[in-house]
Amino acid sequence: MSDEPAPTSKDFIREIIDEDLASGKHDGTVTRFPPEPNGYLHLGHAKSICLNFGIAQEYGGRCHLRFDDTNPTKEDVEYVDSIKEDIKWLGFDWGEHLYFASDYFEKLYDWAVYLIKEGKAYVDQQTAAEIKSGRGDLQTPGINSPYRDRPVEESLDLFQRMKAGEFGDGVMVLRAKVDMAHANLNLRDPVLYRIVHAEHHRTGDKWCIYPMYDYTHGQSDAIEHITHSLCTLEFENHRALYDWFLDNIPVPSRPRQIEFSRLNLNYTVMSKRKLLQLVTEKHVSGWDDPRMPTLSGIRRRGYPAAAIRNFCKTIGITKFESTNDFALLENAVREVLNQEAPRFMAVLDPIRVVITNYPEGQVEEMEAVNNPEKPEAGTRLVPFSREIFIERDDFMEDPPKKFFRLSPGAEVRLRSAYFLRCDEVIKDAAGNIVELRGSYDPETRGGENPPDGRKVKATIHWVSAAHAVEAEVRLYDRLFASEAPDRGEGSFLDHLNPDSLTVLSGARLEPNLASVVSGETVQFERLGYFCADKDGSQERPVFNRTVGLRDSWAKAQNQG
RNA sequence: AACUCCGUGGUGUAACGGUAGCACAACAGAUUUUGAUUCUGUUUGUUCAGGUUCGAAUCCUGGCGGGGUUGCCA
């Protein structure tokens, strides 16, 4: 990840950093990743993580992990732990720089007192509804609160008593005194502190007043000497307020907020609220359901961290709100897995083949290549015997013109084994094909072409019936059937893909597959990449389909 | 008709006044003990109208289109 060639062009944020370094504005670069611990990280966060930690790596700076934990009613340590785990999995390290906004509560309180004394903040006793209506709207200016010009001493006293717990939730708030007529609504006397009598996951019951995001973020950046505070576009309108605090409070440094567009993917929803809803309403099995765009979900699905990093590099950083093609992500996944994943044979939908001219009771250990892209991965032994399973799809009794696989009288290569010809089709009373009979050519051992120069058009995978391990295989498809489940009327849930999960309970695996450890992704030859799931055991493995191989045959069929 | 940000092939993303390039997707072909991979080729683009300039995707003006903003969420 670090030995790749430097990109020939830089995104606008890196250009800004270059300028700041060149002009001497900064002599180092410090970024931060500031999740709120109220949910699991998803692909959108991965974009931000790759940006912030990536910049720190490239510029020899550092990136802080700072939990933005100013709302105790929504936050929990469960999320803190999962977030840390996900960042590490992605391949990044915050070193010693783990912080919590709640670490700064004392400092922020002092600064609030400072603002009051400066005449730049006041305690407002209006109700939430009064504050809302007093703010005006996009067209109309707001009006001043009747408490706006109360004496400094009075605000000071009230604020201290807010902190002391004398008042109930929502009774009063601390507001900045900016401009109730400002075109940017964020500057119409924003709330700085609210009363919330709730246990905080770090500070316990020490506080009953909590600072708002806007009041917290920039000052936290300043305390940590963040140079470039990178966030998504929805905070663009907050920048003026971010700067207002830095201008009016004696902060120790001057960070700069820069916004970029968030990640959108088609066939996916990415908002925390919607992901939470999928989990709580049991449309998926949990935050780590392999269909979820959460980092824990895609990890369980088998997506390699390197693929996510490459993907984030490919999509770039801009201010344009775009929607990326899911195929781009899948391409990144296949690219890494094609290089890395060891190959095995597995038959998902088995049909028995009896090789009539193969000696009964004989077993041969066939040598198979582990990864043609990586010779150093070596070879393994796969048992071969008189009765094998092949994929039902690899046989057609009455094949169309371009079908290269097995059919009556036709010959194919069994991967790493022998040429096989189909001689006979056995059916049950209902006419269903229940078994095939065929013969092999002993002169093609290892799958070599025979001396007579005969060739076959196809190579298929197989598993020795007596040695096969039965397994459950979960075929995942996109969670949503429509490209933009968010758009249009109705709920995004209306767009759930009913076929997003197909469970196959009778798959047969080559025996080597039983020892693949949970979390490892392998290739089932000719089928796709599959990740061993934690639900499985050596006796009965469970595999999740990460992504299928490209399949030009299937594509041609669908078009035909 | 408030403020603000943004418009480059189907989808993303480069080009910093000088040949519109790259990736993905799509479509052909070659190779192949995975109908995979790999390789080669093809199709498709600067939102519009003016202006500045020898020269504009790029600078200016206006139009059109899209996003964000009216939490005591972040």
Side-chain angles (χ1 to χ4, degrees), chain A residues 7-11 15 34-36 38-39 68-71 73-75 124 126-128 131-133 135-142 169-175 182-186 188 190-196 209-210 212-214 216-217 231-240 259 261 266 272-273 314-332 334-335 338-339 343 345 368-369 372-373 402-405 413-417 419 444 446-449 456-461 523-528 548-556:
Chain A
T8 54
S9 65
K10 290 185 171 181
D11 56 69
E15 280 180 358
E36 182 188 14
N38 72 340
D68 225 329
D69 54 351
T70 57
N71 186 354
T73 61
K74 290 190 176 172
E75 296 150 8
D124 193 347
Q126 292 183 106
T127 63
I131 289 179
K132 180 179 164 67
S133 72
R135 187 155 31 228
D137 59 31
L138 298 176
Q139 259 71 249
T140 6
D169 290 3
V171 171
M172 54 187 75
V173 294
L174 183 71
R175 289 230 257 172
H182 202 106
N184 182 341
L185 275 64
N186 290 123
R188 317 244 263 228
V191 172
L192 271 36
Y193 272 89
R194 74 285 213 192
I195 300 171
V196 182
I209 56 171
Y210 290 93
M212 300 288 291
Y213 163 84
D214 284 310
T216 308
H217 204 90
C231 62
T232 44
L233 250 26
E234 66 267 29
F235 292 102
E236 215 159 21
N237 290 312
H238 292 246
R239 192 174 62 239
E259 311 85 17
S261 69
N266 55 13
K272 270 190 198 174
R273 203 205 94 236
T314 316
I315 60 175
I317 299 291
T318 66
K319 292 180 81 102
F320 179 63
E321 182 112 9
S322 56
T323 301
N324 287 276
D325 216 320
F326 201 85
L328 197 56
L329 210 209
E330 291 193 327
N331 177 261
R334 288 195 186 102
E335 201 168 60
N338 178 48
Q339 291 302 315
R343 270 99 238 239
M345 288 193 285
V369 172
E373 304 292 326
K402 291 283 230 340
F403 186 82
F404 303 145
R405 282 111 92 152
R413 170 169 26 238
L414 296 172
R415 172 120 240 225
S416 310
F419 277 23
T444 57
E448 300 287 345
N449 285 329
V456 288
K457 277 259 187 65
T459 298
I460 66 172
H461 58 278
Q523 185 190 106
F524 289 178
E525 289 209 67
R526 300 209 309 132
L527 296 174
L549 254 29
R550 276 201 190 77
D551 190 346
S552 55
W553 168 249
K555 193 189 286 181

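- Between the CD atom of A/Gln126 and the C1' atom of B/G71 there is a distance of 15 Å, rounded to whole Å.
- Side-chain proximity of A/Tyr213 to the nucleotides B/A74, B/A15, B/G35 is greatest for B/A74.
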Are there any protein N/O atoms within less than 3.5 Å of an N/O atom in nucleotides 28-30 of chain B, and if so, which ones and at what distance?
none

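- The pair A/Glu259-A/Arg239 counts as a salt bridge, with a side-chain nitrogen and a carboxylate oxygen less than 4.0 angstrom apart.
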Protein heavy-atom contacts under 4.0 Å, written 5' to 3' over nucleotides 36-48 of chain B as B (base), S (sugar-phosphate only) or - (none), form the string SS-----------
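- In this structure, B/A2 forms a base pair with B/U69, meeting either the Watson-Crick or the G-U wobble geometry with both donor-acceptor distances under 3.5 Å.
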Only pairs under 3.5 Å count here: list side-chain donor-acceptor contacts from residues 319-331 of chain A, not counting sequence neighbours, and write none if there are none.
residue  : atom : partner  : partner atom : Å
A/Lys319 : NZ   : A/Glu236 : OE2          : 3.4
A/Glu321 : OE2  : A/Asn264 : ND2          : 3.3
A/Asp325 : OD1  : A/Asn266 : ND2          : 3.4

Protein-proximity profile, nucleotides 3-9 of chain B, B/S/- by nucleotide at the 4.0 Å heavy-atom cutoff, equals S-SS---
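- Ranking B/A23, B/A74, B/G71 by closeness to the A/Asp68 side chain, first place goes to B/A74.
- For A/His217, the ring-ring contact (aromatic ring centres under 6.0 Å, His included) test picks out A/Tyr213, with sequence neighbours left out.
- For A/Tyr210, the ring-ring contact (aromatic ring centres under 6.0 Å, His included) test picks out A/Phe105, A/His200, with sequence neighbours left out.
- Look at the P atom in both B/U58 and B/C73: the space between them is 45 Å, to the nearest Å.
- Without hydrogens or angle criteria, A/Asn237 side chain to A/Asn184 main chain gives no donor-acceptor distance under 3.5 Å.
- Remark: the A/His182 side chain and the B/A2 base include no donor-acceptor N/O pair separated by less than 3.5 Å.
- To the nearest whole angstrom, the two C1' atoms, one in B/U70 and one in B/A23, are 41 Å apart.
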